[in-house]
Structures are given as structure tokens and as C-alpha cells.
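Quick note on labels: first sequence line is chain A, next is B, and so on, each numbered from 1. The figures that follow rest on heavy atoms only: side chains count, while hydrogens, waters and symmetry mates do not.
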Amino acid sequence: MSKLKLATVWLDGCSGCHMSFLDMDERLIALAELVDVVYSPIVDTKVFPDEVDIALVEGAVASVDDEKKIKKIRAHSKLLVAMGDCAVAGNVPSMRNPIGPEAILDRAYIENADVQRQIPCVVVPKLLRVVRPIHEFVKVDVFLPGCPPSADTFHAALTALVTGEPLDVPALTRFGA
Amino acid sequence: MSQTITIDPVTRLEGHGKITIHLNDQGEVENANFHVTQVRGFEKFSEGRPFYEMPSLMARICGICPVSHLIASAKACEAIMSVRIPHTAAQLRRMLNLAQMVQSHALSFFYLSSPDLLLGMESDPQTRHIFGVVGAKPELGRAGIALRRFGQHIIELLGNKRIHPGWVVPGGVTEPLASAKRDEILGMIPEAYANIELALRWYKQIAETFAPEIEVFANFASLYMGLINEDESIEFTDGALRLMGARGEIVADGITAAQFPEVIGEAVEPYSYTKFAYYKPLGYPDGSYRVGPLARLNIAKSMGTPMADGELSLFKQISDDGPVQSSFYYHYARLIDILHGIEKIEMILSDPLILDKHVRATAGVNRLEGAGQAEAPRGTLHHHYKVDENGLITWANLVIATGQNNNAMNKGVLQAAKHYVKDGKFTEGILNRVEAVVRTFDPCLSCSTHAFGQMPLAISLVSAEGEVVDRVVR
Ligand code: SF4
């Protein structure tokens, strides 16, 4: 059997979900026998591959770049997993929604800066007006809540997805875990 | 025709970044920038929330170094409460911070940079990752995984959760250390020593082969800043900041968290969501400085632990006049930090008061402003809050390590690009070297985007007219 292709993507999150994925520790070596990590912050692929079997996505959708990325990921992935509370429900990144991006940018780059006060606009992507979870943009196949989901949760979920065994998410994790 | 090379995203990096390299008509590198491309707004959306929520909220800035945010934030809250936390709580937090340093440095060195160092800067990008390292040199890859596990497991034992433990609170910690947990940590220490010794031995074997990279990987004079104790030994959790000049002279000393905003300012550049910190008396950009493992080892007179002290004296021999300047040596400094962390954790566990039950001080709002600082694995972290009489946050500012290294990273990218990109020609391996300069700093784009944005890394070739001519995505 050829190996499944796994991608992990970081949108507007804190990387804690990726760190929890890495917390599988030595179990990662066994996992790498079953899947090829074809796209991830820990490998050197620069372009999202054409065909991915499982995509784990951390973080909410907060910028125009995030929106482009999640659409591309959906188009090229058989199974899309919303990994962690930010991806599932917006969580901490969405706390800026009642305030709006202008006030956020003003505080950081005008009020809390000493010299060259300006809002960055070169190369950096524009912020969306509101931060939203990924299922509001594309279809999500599996929701894996937790802030972050534990390494054991990742291990059990990935094992089920790779082997095709049933996956009982509520038995593994919950929102805010 | 002029061109811009874009590396997008920069990979094996903790976050979203891009690099652009600008070439002139002759194909010579004229400028290069490192862009951070995410923004989050913690400084603003924390307004109106009770100050005692801040540590847990601020931890969500970064899943790689949440402990540093927990500690700097709790210390800012303690300044507002005007309390001194119990001795045992301070020791437990110190241990938690060291455990995080070990795991985060293991991530940086083994998971992110060792593929370049072991497999080669020009090796096949398809296998240039931690699994490639495990395949090519299993004992090294496994040592890295085990060292990261060591740090993460200590965090879990102390705080009941590996990432975002709720255990650190304003006033101390929520629960004392149980003796069974102390014994479990002590039992893990021999394996950790064996793994860091293996890594140090290996690093010393290969370091010489990287002489050309050492020469151009952000190798220039700068200021350095980090925490030290009164006896000039290295410190991560308490102490005060020292700023050292390019020749090793002391520029400023004893900077407390409360004084930090008087001496350190932040500038904005249009191309990055991460700000640029500078030492105010010298202005921007002349007052730019470096933080993190290289800076800390340049500043400290001792590590305060025997084995790490032995390594520190070897480190100091690298430069016979003044501080070690090439950022390539961040890698070596990081391994010495890990060794120190293991030794220091062992020392802290032998404190006769370490199992004491008094681990939390309580108080209400006694001042309307407070600041806290700590060393994150990648450098100094500063949190500064203002509250109203009810303890609700009215204003917050954070200065993170990556912002303090921002100028040096940009200069380092330019230095390497100028050296390697000739006549407008470059290869994948050359671009990987430019990215590897950024990796030496171990920038945390999660942290640096608390207020700003995410950093994907891309290389584009831009013409003198500012037109993007080519884009390299690997
Ligand atoms: S769910 Fe929690 S751990 Fe995951 S990215 Fe969001 S804040 Fe970080």
C-alpha cells in the first residue's frame, strides 16, 4: 500500500496545536512509516501539493491570505480536519471581532510605537474584518476540538483516519480541553 | 533588468514569514527583507478583561513558548498587586521556564535546523526534515525528540498540561509539587544528560565544516541584551537586564521591568507586522540589538552550573576580542543553554523547600500599572499593563524577542544574499542558506504577531521598477 499524504497547515493560531502534534514524540517516527508529511511548517515544501489525503488545519481564518489558503487546501485535500478550537470555533483570534482590525492595528503600530509610526502594508496581507472558523469558508470533514487537542488525541484520531477505523471524537477531546 | 526573489513561505520556521531579495540591473543584490505576515491584536482585545485572566490569555499568543508569556504576564500582574511570591513558587516557575527552554531549543536545533546541518544546505528538499535526520542518523534524531519530550513532560508534570498549563497564576502557582513528581523528574535526568552530550559532541565535529556559513550568517557587530543575576551569572526568570556593546563594554545595566519602557523603543517598518526594538539613547536603527542564546552567553560571566560553565569558557574562546558575533553560533549557544537547563533543574529539585505547600500570594489591585520580564528561549520578553481600580485592563504592550532580533535578522538575510546570489543567479540550495540565517535566530512568528501578522516566507525577484519578475516557491 502506498503511503498516505499528510499535510499540516498553520493559519491564525498560536502553533500550540502543531506543538501538540509534535508531542506525539517517538510515536511520530512510527507515524512516518504510515504517512508522508508532504506539506507542513516542519518540511521544506513551498507549494501545497495537488493531492493530499489528510490535511490538518490549525487556526482561524483572519487575513486575505488565510482565506486563499483554506480554499486551496480544500480543493486539494480528500479529508480536511479542523484541528483545535481556533479552527473549530474561532477561539482566541476571534476575540478581536467586536473591535475590528483598524483599532488593533492602531494600537500596535501607531499608539504603541515610538518612531516611524505607520500601518504595515508592503507584502503583508490585509486583515479580514472578522475572524471566522474554517467551516464558514469550506466544508470540514472532521472537527477535533481542544486548546490544543492532546497528543494522545492526535495519535488516536490519526490512527483511525489512516486505518479507516471508526473515530469517536467526543470520547477523545472536547471544546476547551 | 532588476528583479525580486521571493521565498514564500520560509519553511522550518515557527510561523509565517517571507523573504524578498531585490536585485539591480547588474543582477547584484541591493536589498533584502524578512517579512512577518500575521497580526492578532492581543494588546487591544485584552482591554476590559480582569488582570488575573491575563496569564492564561497571553499564553495563547504562542504554543511554542507559552510558559514565557505565562511568567512575564504573571510578573506584570504581581507588580499590580504589589506582592512578592513565595520562594517555592519562584523556584517552581524557574524550573518550568527552564523545562520550556529545553523543549523549545530542542525543537529549534533538532526539528528545524539539524536537517541543514546534518544533511546539508544543498540536500534534497524532499527529505530535508526531522524524519530525514532520523533516517540518516537515528541516534541524533532520537536524542532531539527525547530532549523535547523531557522538557514537555516536566511542564506536564508541574502544570498538568504540556501546552497552555493553567498552573502559573498572578501570585505564584496553583498547586505545590508532589514528591512523586519530583522523583519522576529526577529519574528522567540521566537520559537527558546523555542526549545533550551526544548533541554537543556532534555539533563540535561538524561546526568547522560550516566556516563559510559562519562568515556570512549575520556576522556583524551589534549590541546584545539579556537577563543576568547580581553575580553576573545567566538568568531566565528573575534578575535584571544588561545591555552590552559591540566591544563587550557594558552600555546599560540593572534594567528592571519597570524601567524597560524608558530605555527600549519600537519602530515600525512598512514591510513587516513585527516591530523593530531599539535602545532609545542610540535611536533607530543604530540602537538595534540582539537577544537570545548568543546574546545571553555573550553577556553572562558564568552559567552557574559546572558542566555548562565548562562549555561557556569554550564558547568565549571563539572570539578573542569581545562578543561572539556570527549568528551561526546561536546553535552552539542553544545547546549550552539546554545543558545548563538540565543541570539547573536538578539543582532546583534539591532545594529543601521545593515541596513546600506555600506557593501562592494573594492581593487585590494595589497599583494601576505593572510590568514583568523574563527570558523566552529566543530572548527577552516584556509585558506591560495598566488597569483601572477594579483591576480591568485599560492598556497593554508587549515587546517580544523576535522584534528585538528583527533588525539583525534583516541585516543577516541581506549579508547572506549578497554573498551567495551572484549575477542574478541562485539555486534552491542558495535560497535555503538565506532561510537558514533566519533559522539561527529561532524567530517565533507566533509571538511576534501577537499584535501583527503571520510570516510566510517567499523569495521573489523584483525589477528596479518594483515589478515582481520571478518568484521562487520550492
Ligand atoms: S486552539 Fe489553542 S492551542 Fe490551538 S492554535 Fe488555537 S489557541 Fe493555540
Side-chain angles (χ1 to χ4, degrees), chain A residues 10-20 22-23 25-26 28-29 32 37 40-47 59 62-63 65-66 86 91-93 95-99 101 103-125 127 147-148 150-151, chain B residues 7-9 11-16 18 20 33 35-41 43-45 57 60-64 66 107 111-112 125 128-131 134 142 145-146 148-149 152 162-164 265-273 275 280 284 397 432 446 451-454 456 458 473-474:
Chain A
W10 176 355
L11 301 179
D12 200 37
C14 78
S15 79
C17 289
H18 269 87
M19 292 305 112
S20 196
L22 293 185
D23 280 342
D25 299 327
E26 283 81 358
L28 287 169
I29 301 174
V37 181
S40 167
I42 64 162
V43 307
D44 274 349
T45 323
K46 304 291 184 191
V47 181
S63 71
D65 274 13
D66 293 341
C86 296
N91 199 30
V92 176
M95 287 172 70
R96 76 159 154 88
N97 287 352
I99 305 163
I104 297 285
L105 296 169
D106 263 17
R107 166 60 56 84
Y109 305 107
I110 308 290
E111 198 189 323
N112 285 4
D114 300 273
V115 295
Q116 298 188 180
R117 294 176 179 165
Q118 61 192 307
I119 307 289
C121 58
V122 177
V123 181
V124 299
L127 298 185
C147 182
S150 71
Chain B
I7 310 181
D8 180 12
T11 44
R12 284 184 284 122
L13 197 68
E14 291 145 354
H16 313 265
K18 294 185 199 194
T20 53
N33 290 128
H35 311 266
V36 180
T37 59
Q38 179 188 21
V39 180
R40 311 190 51 211
E43 290 165 327
K44 184 71 186 171
F45 68 58
L57 178 61
R60 264 74 181 180
I61 289 170
C62 178
I64 300 156
L107 171 70
Y111 287 70
L112 305 180
R128 201 169 53 207
H129 46 56
I130 181 69
F131 305 111
V134 171
R142 285 181 176 271
I145 292 173
R148 186 175 175 280
R149 168 168 49 75
Q152 288 291 74
R162 282 183 164 204
I163 295 154
H164 306 326
E266 292 180 285
V268 184
E269 292 285 359
Y271 57 80
S272 181
Y273 274 134
K275 287 186 274 192
K280 279 183 181 170
Y284 176 77
N397 192 40
N432 184 45
S446 239
F452 331 119
Q454 236 162 314
V473 276
R474 314 196 290 230

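- With a 4.5 angstrom heavy-atom cutoff, B:Tyr271 touches chain A via backbone and side-chain atoms both.
- Put simply, the side chain of A:Ile42 does not reach to within 4.5 Å of the side chain of B:His129, judged on heavy atoms.
- Contacts of A:Ile110 with chain B are absent, with no heavy-atom separation under 4.5 Å from either backbone or side chain.
- Taking A:Arg96 as the reference, nothing meets the side chain to side chain donor-acceptor pair (under 3.5 Å) condition, with sequence neighbours excluded.
- Both the backbone and the side chain of A:Cys147 come within contact range of chain B, judged by heavy atoms closer than 4.5 Å.
- Here the side chains of A:Val92 and B:Leu57 are in contact, with some heavy-atom distance below 4.5 Å.
- You'll find the side chain of B:Lys275 reaches within 4.5 Å of the side chain of A:Asn112, heavy atoms only.
- Heavy-atom distances place both the backbone and the side chain of A:Leu28 under 4.5 Å from chain B.
- Not one N or O on the side chain of B:Glu266 forms a donor-acceptor pair closer than 3.5 Å with the backbone of A:Ala113.
- With a 4.5 Å cut-off on side-chain heavy atoms, A:Ile29 and B:Ile145 count as touching.
- Counting only heavy atoms from C-beta outward, the side chains of B:Tyr273 and A:Pro125 approach each other to under 4.5 Å.
- When atom types are taken as modelled, the side chain of B:Arg162 and the backbone of A:Asp23 share a donor-acceptor pair closer than 3.5 angstrom.
- Between A:Met19 and B:Arg148 the shortest side-chain heavy-atom distance falls below 4.5 Å.
- Neither the backbone nor the side chain of A:Ala62 has a heavy atom closer than 4.5 Å to any heavy atom of chain B.
- The contact between B:Ile163 and chain A is made by backbone and side chain atoms together, counting heavy-atom distances below 4.5 Å.
- Side-chain atoms of A:Gln118 come within 3.5 Å of backbone N or O of B:Val268 as a donor-acceptor pair.
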